[in-house]
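Every chain is numbered from 1, with letters handed out A, B, ... down the list of sequences. As the structure is a computational prediction, the values presented were derived from the model and not from experiment.
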Protein chains: 2
Amino acid sequence: MKRKITLKQIAKELDVSISTVSKSLRNSLEIGEETRLKVQAFAKFYNYKPNNIALSLKNRKTKSIGIIIPEIVHYFFSTVINGIEQVANEYGYSVVICVSDDSFDKEVLNMEMLANGSIDGFIMSLSKETQYKGDFHHITEVINQGMPVVMFDRVTNDILCDKVIIDDKAAAYEAVQSLIDNGRKKIALVTTVDYVSVGKLRTDGYEKALLDNGIAFSEDLIIKIEDVDTCEITISELLHARAFDAVFAVNELFAVTIIKTANKMGLKVPEDLAVIAFTDGIISKYSTPTITTVSQSGEKMGSKAAKMLIERLEAEEDDDEEHTENYTTEVIETHLIKRESTD
Amino acid sequence: MKRKITLKQIAKELDVSISTVSKSLRNSLEIGEETRLKVQAFAKFYNYKPNNIALSLKNRKTKSIGIIIPEIVHYFFSTVINGIEQVANEYGYSVVICVSDDSFDKEVLNMEMLANGSIDGFIMSLSKETQYKGDFHHITEVINQGMPVVMFDRVTNDILCDKVIIDDKAAAYEAVQSLIDNGRKKIALVTTVDYVSVGKLRTDGYEKALLDNGIAFSEDLIIKIEDVDTCEITISELLHARAFDAVFAVNELFAVTIIKTANKMGLKVPEDLAVIAFTDGIISKYSTPTITTVSQSGEKMGSKAAKMLIERLEAEEDDDEEHTENYTTEVIETHLIKRESTD
DNA sequence: TTGGTTTACGAAAACGTGGTAGTGTTGAAA
DNA sequence: TTTCAACACTACCACGTTTTCGTAAACCAA
């Protein structure tokens, strides 16, 4: 077992100075051809590669970006990571991933762990608990330290930084409008608890679509679900009452649960009940019937976020501390993917 | 914007030496109480945290582990990451993730990128291409450099290292046996191309179960799929011929595709066709009918792999280069999760 | 020979930390 | 008064790089 070779070892072996080795390897003209080639040959033979850590320390940049997300076993988030990873790789960055598990404390801890030099910048989506508490001091802190942060999807207005989002409100509006266009009148909304920013926005879009079409908006048709596993009862009750003929669900898990419940009761989708879900994931594609969804383009969000972050990082390099705080919020386009759950 | 404060800056500010500051913060008895408290107060006020990079360089360990996987938008792999992440976090490690995209070159590149000091050890699952080529020099290399590697799921016998796998053959055997127990006679196997190690093993288990039960084994009933999108035709042809009354699919994507094809042809699952899939993912849980699967316990694999790696890392610390190469292969238990696609 | 320019390399600092060894002062015991 | 220990702190080294600056030797022109 041979440990990785260092400049120092090469220098000692060839009986030259460390600087000579370093310069030879970087093809500096300062070094005579003979020495240069000798060093290069030796380095190649021993497969010399500069130590990343030492480089990071010297250059004050790690060439890696930190990702903080609420969950990883989650189609949307994993597509986002995929998008980030691809761009990062392209630019020679690695990604280090931390999962907050939707816990505020973990989010804070993870950020602190990474903020002490491990990474050059963050890409993150807020945990539920963080959104609920409204406490963003940990994010402010890293930003104040001069570390760029890009937020995506679950963002907050309380923090000034680059953001990548979809127009949740407009997308919800479009989805609900399409249900109305198909003659649906009683459209239910199945959503999460309020403090999740995107849930709120989607509710707004839903409401606006109804009102714009002269349909009464009723709180009774809004079903707020905290735990997927226990929601079946609520849903089946409402279905029994035939309270609605269409559903807009803020995620595909809710949607598929609704469809299954409806099927059990002998209701047909889409004839008796049309369903549209947010988040175009794998469930929608393979459920029976397949589910009409609003594509959320996680990959595009990820790659966009990564590009914004890296751009800022490389810009910093030139301007060197010049602070042009022109934060932008990128809105990724969504579109409706029509499948079998609507007519 | 205040950059992170360093020992040096504190020292300068308080007009003491760097070592005094360092020792004060580590509560060394060498330093008088007055100075110690003054330094600590100052450090706390400026929220001093030691720089990870400097520590890594000094201690020659980064407290982070590298994960190389073929895909990330993939239920099984993301559950594995989840398992790894949890354990890693518990022990104060971060995880940096690279996706090989099932490409040999990317796998090599990613490993090289991380191997130069960025991480303390690897947890990886081989890319298809790597398994196809049978070229593992990049892995041998990092192991030779003294960097521990733990492989999971898609492993190879050509590399000596710790491994975490499931008993693919036994699991496949159990699944097929359960189909036979339910009176199925013509059981098809839908699998991937041969060079993927797990695909091969599952085929072996399938074959053995048939033979043990005195059922003829026929190549005609083995369907090798390279691309999911184009497999529907093959499947429907075989279904038309009523060539089989049960299917064992090596992943849930194949399974759900088969079910959908069967449904289109008016065949009922499980009455006309029983289906079991490997990999208990999200599709199986939400498809209609829900699919009986072999649970692969990705999370357990991940946490086990992480534990093995970290244990080895911490052991190295003590023995310091003492090489007790007692590699182990951990076999994670699987079990059959019965759902609607079988009777 | 002198002065000046190349050529070819080395020494040292810096990045931030932590540990070992040392240094100077004080007070008390011998 | 000398000696020794305790105290409180500083110097220095190492981790692996890159880079700036310095300098010796060689060469050339005057």
Would you mind reading off the distance between Asn52(A) atom CG and dG16(D) atom C1', rounded to a whole angstrom? 11 Å

Closer than 4.0 Å, any side-chain N/O of Thr35(B) to the OP1 or OP2 of dC9(D)? yes

Is there a donor-acceptor contact under 3.5 Å linking the side chains of Gln86(A) and Asp101(B)? no

Hey, is CG on Asn157(B) packed in by over 12 heavy atoms from elsewhere, all under 6.0 Å? no

Any N/O pairs under 3.5 Å between the protein and nucleotides 14-21 of chain C? List them or say none.
from, atom 1, to, atom 2, distance (Å)
dC15(C), OP2, Lys8(B), NZ, 2.5
dG16(C), OP1, Arg60(A), NH2, 3.1
dG16(C), N2, Ala54(B), O, 3.4
dT17(C), OP1, Tyr48(B), OH, 2.7
dT17(C), OP1, Asn51(B), N, 3.1
dT17(C), OP2, Leu7(B), N, 2.7
dT17(C), O5', Tyr48(B), OH, 3.4
dG18(C), OP1, Arg26(B), NH2, 3.0
dT20(C), O4, Lys23(B), NZ, 2.7
dA21(C), N6, Lys23(B), NZ, 3.2
dA21(C), N6, Glu30(B), OE1, 3.4

Examine the side chains of Glu71(A) and Asn82(B) and answer whether a donor and an acceptor come within less than 3.5 Å of each other. no

I need the CD1-P distance between Ile31(A) and dG10(C), as an integer number of Å. 7 Å

Do you see a donor-acceptor pair shorter than 3.5 Å between the side chains of Ser22(B) and Ser19(B)? no

Within the pair Thr20(B) and dT10(D), is there a side-chain N or O less than 4.0 Å away from OP1 or OP2? yes

Rounded to 10 degrees, the angle between the two terminal axes of the helix from dT1(C)-dA30(D) to dA30(C)-dT1(D), each from five pairs: 90°

Glu107(B)-Ser127(B) side chain donor-acceptor pair, cut-off 3.5 Å: yes

Should we say atom NZ of Lys12(B) is surrounded by more than 12 heavy atoms from elsewhere, each under 6.0 Å from it? no

Whole-Å distance between dA8(D) P and Leu37(B) CG? 12 Å

Ring pair (Phe, Tyr, Trp, His ring centres under 6.0 Å): pairs with one or both residues in residues 22-51 of chain B, sequence neighbours excluded: Phe42(B)-Tyr46(B)

Nucleotide dA8(C), atom C1' - distance to CG of Leu14(A) in whole Å: 16 Å

Do we see a donor-acceptor contact under 3.5 Å between the side chains of Thr20(A) and Ser17(A)? yes

Given atom CD of Glu33(A) and atom P of dT6(C), what is their separation to the nearest angstrom? 20 Å

